[in-house]
Chemist: 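Starting off with a structure, shown below.
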There are 2 protein chains.
Amino acid sequence: MAGSITVRDVAKAAGVSASTVSRALAANSVVAAETRERIINVARQLGYRPNHAARGLITGRTHNIGLVIPDLENPYFASVTKGVQSRALTEGYSVFIADSDEDARAELELVRKLSKQVDGLILCSARMSDADIASVADDTTMVLINREWGDLTSVVVDDSEIIRQALEHLYALGHRHIAYAGGPSTSWSNRKRWAGIEAVQPKLEGLTISPLGSFAPVFGGGQSAADVAVASGATAVLAYNDLMGLGILARLATRGIDVPGDMSVMGIDDVNVATLVSPGLTTVRSPLTKIGRSAVNALIDLIEPTDRHNSIEDLPVQLVVRQSTSVPRSR
Amino acid sequence: MAGSITVRDVAKAAGVSASTVSRALAANSVVAAETRERIINVARQLGYRPNHAARGLITGRTHNIGLVIPDLENPYFASVTKGVQSRALTEGYSVFIADSDEDARAELELVRKLSKQVDGLILCSARMSDADIASVADDTTMVLINREWGDLTSVVVDDSEIIRQALEHLYALGHRHIAYAGGPSTSWSNRKRWAGIEAVQPKLEGLTISPLGSFAPVFGGGQSAADVAVASGATAVLAYNDLMGLGILARLATRGIDVPGDMSVMGIDDVNVATLVSPGLTTVRSPLTKIGRSAVNALIDLIEPTDRHNSIEDLPVQLVVRQSTSVPRSR
DNA sequence: TTGTATGCGTTATCAT
DNA sequence: ATGATAACGCATACAA
């Protein structure tokens, strides 16, 4: 801040002009090898650090991206964020983070605020309406995670595949009555997952699905769902996500209901905390940090259209069997 | 990006000069009420958004701050980050986030990279050496969390108070032999906590403390520590942090050792996941998001010295008793 | 009260 | 290969 060394300082010290310094420090420009070396040395010696903001003013590229997420304390988003940050770094981008606290209005404000200081935006699990997305979409280059809209670039996991693996696992164990503890009805992912259930269920002979309703996609929501699941008479319950699954486990433990003996429990995502509990939560893993990295790749493809396009990475999901599921107890 | 409306566009549309627009949009400047209103309307209509970077170039203030943390997936740092982000937002600042992945060298690089695009930096649980901190300290205004160095502003919890509450809780339950599963020996907080133990132990008549050594401050570290704790013969074990505490719980469960019957277990911090397990982990709560908010307050006091100084907030720690501690089983 | 001119640090253009 | 100059979008000193 205080001791700001500028190109001019370097230029003066090296006995050249400012533009030569600029060129010497830009890798692809034409400068005599000897002068370049001298300039680089002087720059290092003076501790010169380019001012990104000033550079962005003229190049039109800030080398900053923004990430808007609903809740940093949710381990799902923390992992995605980690992936975004890590990939952005290696690509030479810094990342603004904005936590909307699950609030659609706040989200929109954050997007507007950030849009002017970044080259592009990543919206993760956007809570805002389609109309709002539309209104910001042509103003800003952006990539969506866990949501699709128009022809915007999206990074999504295959929800129907997740559901298929989950239900087939339980079905193979012998469960014929499975409860589904849904997430928020407004959630794009929840709708996709429910659609997946409706698609898979007919293919599994004699399988009954009991939708338990919509719950907050967090620990507390799972606690609520647990009682409804028990009342439904199902022998297994699939939760919208792992946090709900953990809530179900906790509530069942409190009620003295044995897992997996009396009830099998599955989550979705495989967030890091799913391994911390016992019994461990059986779940379907999504490549969380890879989702973040893919989103960055996609965004950079949009920002720098000259580069070769990274082929769209696939995002494999994978069943992870732990101790919370087993064959149903015969009665 | 594409449809960039500038002050000049607004000026032209409103029939005034660019500087008048600039003044009209700055709250404290002198402009005729009528013209101001007109300009503001035009600006809104055109969807004008000021370019922060350009403004920062001339004012010297970017209204951006940076946060450097060791690991976003660690719930402790996620909570602190949430606090930082939230407070920064209400103060009109955007925040750059940088995850060093626990690497001191990466951390230094991130600090250097960010320092030019922000008004100030918050370093959380800095892994870098004192010398490195010194080297960046006069280059950048910054605030430290969980670390003290020279006369830099620091936000720290009272580690000795944490230890006091933890040990007195176990002592009151009747434990006279307590094991301490330490964090990394290089960790500033770990040193403070150990110092706290050495200070408190003499005051508790007949209390023996067994230091178990240094472990990675995560789940796996706790798993390792558990076996050593059992071998030590202690009736209770205090972990450096909650993640280690959870690892200890899991390992003891695997070995069939009853908690709290055979062994009481305590963590430190009360990260969100501590409530997700059963038995619940007894711990000493730190106000994590408040730590983040306090750091932002302190940083802004440094950046805007004109404003009234926010009095230094105190950061109360508080024992949270759950099911992982109880009286030692008499033998 | 408003307009003109200048500069923030950098890169791009056009000379040389 | 290098230097002079202009321009990015904005805020401010100064003039009117």
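Scope of the values below: all heavy atoms of this structure, side chains included, with no hydrogens, waters or symmetry mates. Numbers restart at 1 for each chain; the letters A, B, ... are given by sequence-line order, proteins then strands.
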Chemist: Which angle, rounded to 10°, do you find between the first-five-pair axis and the last-five-pair axis of the helix from C:dT1-D:dA16 to C:dT16-D:dA1?
Modeler: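 That helix gives 40° between its end axes.
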Chemist: So, do B:L110 and B:S100 sit near enough that their side-chain heavy atoms are less than 4.5 Å apart?
Modeler: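 In short, these two side chains touch, coming nearer than 4.5 Å.
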Chemist: Which residue pairs pass the salt bridge (Lys or Arg N to Asp or Glu O under 4.0 Å) test with at least one member in residues 16-26 of chain A, sequence neighbours excluded?
Modeler: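 For residues 16-26 of chain A, and leaving out neighbouring residues, there are no salt bridge (Lys or Arg N to Asp or Glu O under 4.0 Å) pairs at all.
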Chemist: Could I get the full list of side chain to side chain donor-acceptor pair (under 3.5 Å) partners for B:E37, not counting sequence neighbours?
Modeler: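 Once residues adjacent in sequence are excluded, B:E37 has no partner under the side chain to side chain donor-acceptor pair (under 3.5 Å) criterion.
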Chemist: Please determine whether side chain to side chain contact (heavy atoms under 4.5 Å, CB included) holds for the pair B:R87 and B:E91, giving the CA-CA distance in whole Å, both sets of side-chain angles, and the decisive distance to 0.1 Å.
Modeler: CA-CA 6 Å; B:R87 185 91 186 108; B:E91 293 289 334; 3.0 Å; yes
Chemist: Measure CD1/B:I5 against P/D:dC10 and give the value in whole Å, please.
Modeler: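 After rounding, the gap between these two atoms is 10 Å.
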Chemist: Got a sec, which residues hit side-chain contact (heavy atoms from CB on, under 4.5 Å) with A:V136, two or more places apart in sequence or on another chain?
Modeler: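 So A:V136 forms a side-chain contact (heavy atoms from CB on, under 4.5 Å) with A:L108, A:V111, A:R112, A:M142.
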Chemist: Which parts of nucleotides 11-16 of chain D does protein reach within less than 4.0 Å, heavy atoms only, written one letter per nucleotide 5' to 3' as B for base, S for sugar-phosphate only and - for none?
Modeler: BBB---
Chemist: Which residues pass the side chain to side chain donor-acceptor pair (under 3.5 Å) test with A:N190, not counting sequence neighbours?
Modeler: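 Applying side chain to side chain donor-acceptor pair (under 3.5 Å) to A:N190 gives A:Y180.
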Chemist: Taking side chain to side chain donor-acceptor pair (under 3.5 Å) as the definition, give me every residue that meets it alongside B:K192, ordered by chain and number, with sequence neighbours left out.
Modeler: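 Partners of B:K192 by the side chain to side chain donor-acceptor pair (under 3.5 Å) criterion come out as none, since no residue qualifies.
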Chemist: Just checking, is any N or O donor in the side chain of A:N272 or A:Y76 under 3.5 Å from an acceptor N or O on the other one?
Modeler: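 Checked: A:N272/A:Y76 side chains show no N/O donor-acceptor pair below 3.5 Å.
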Chemist: Near DNA chain C, counting only heavy atoms under 4.0 Å, which residues of residues 31-47 of chain A show up?
Modeler: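 Under 4.0 Å from DNA chain C: no residue of residues 31-47 of chain A.
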Chemist: Between A:S19 and A:S17, does any side-chain donor sit less than 3.5 Å from a side-chain acceptor?
Modeler: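 Indeed, the side chains of A:S19 and A:S17 share at least one donor-acceptor pair under 3.5 Å.
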Chemist: Write down the distance between CG (B:L57) and P (D:dC8), rounded to a whole number of angstrom.
Modeler: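 Between P of D:dC8 and CG of B:L57: 14 Å.
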Chemist: Under the ring-ring contact (aromatic ring centres under 6.0 Å, His included) rule, what pairs show up with a residue in residues 45-74 of chain A, not counting sequence neighbours?
Modeler: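 Qualifying pairs, neighbours excluded: A:H63-A:Y93.
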Chemist: Taking only residues at least two apart or on different chains, which pairs with a member in residues 63-76 of chain B satisfy salt bridge (Lys or Arg N to Asp or Glu O under 4.0 Å)?
Modeler: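 Only A:K82-B:D71 qualify under salt bridge (Lys or Arg N to Asp or Glu O under 4.0 Å).
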Chemist: Kindly write out the residues that satisfy side chain to side chain donor-acceptor pair (under 3.5 Å) with B:D130, not counting sequence neighbours, or none if the list is empty.
Modeler: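 If we apply the side chain to side chain donor-acceptor pair (under 3.5 Å) test to B:D130, skipping adjacent residues, the hits are B:R147.
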Chemist: Shoot me the first and last contacting nucleotide of DNA chain C against chain B, ordered 5' to 3', at under 4.0 angstrom to non-hydrogen atoms.
Modeler: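 That gives a stretch of C:dT1 to C:dG9.
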Chemist: Report the C-alpha separation of B:V68 and B:F96 in whole Å, then their side-chain angles, then the decisive distance to 0.1 Å, and conclude whether the side chain to side chain contact (heavy atoms under 4.5 Å, CB included) test is met.
Modeler: CA-CA 8 Å; B:V68 182; B:F96 278 112; over 6 Å; no
Chemist: Rounded to whole angstroms, how far apart are CG on B:D9 and P on D:dC10?
Modeler: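 Going from CG in B:D9 over to P in D:dC10 covers 9 Å.
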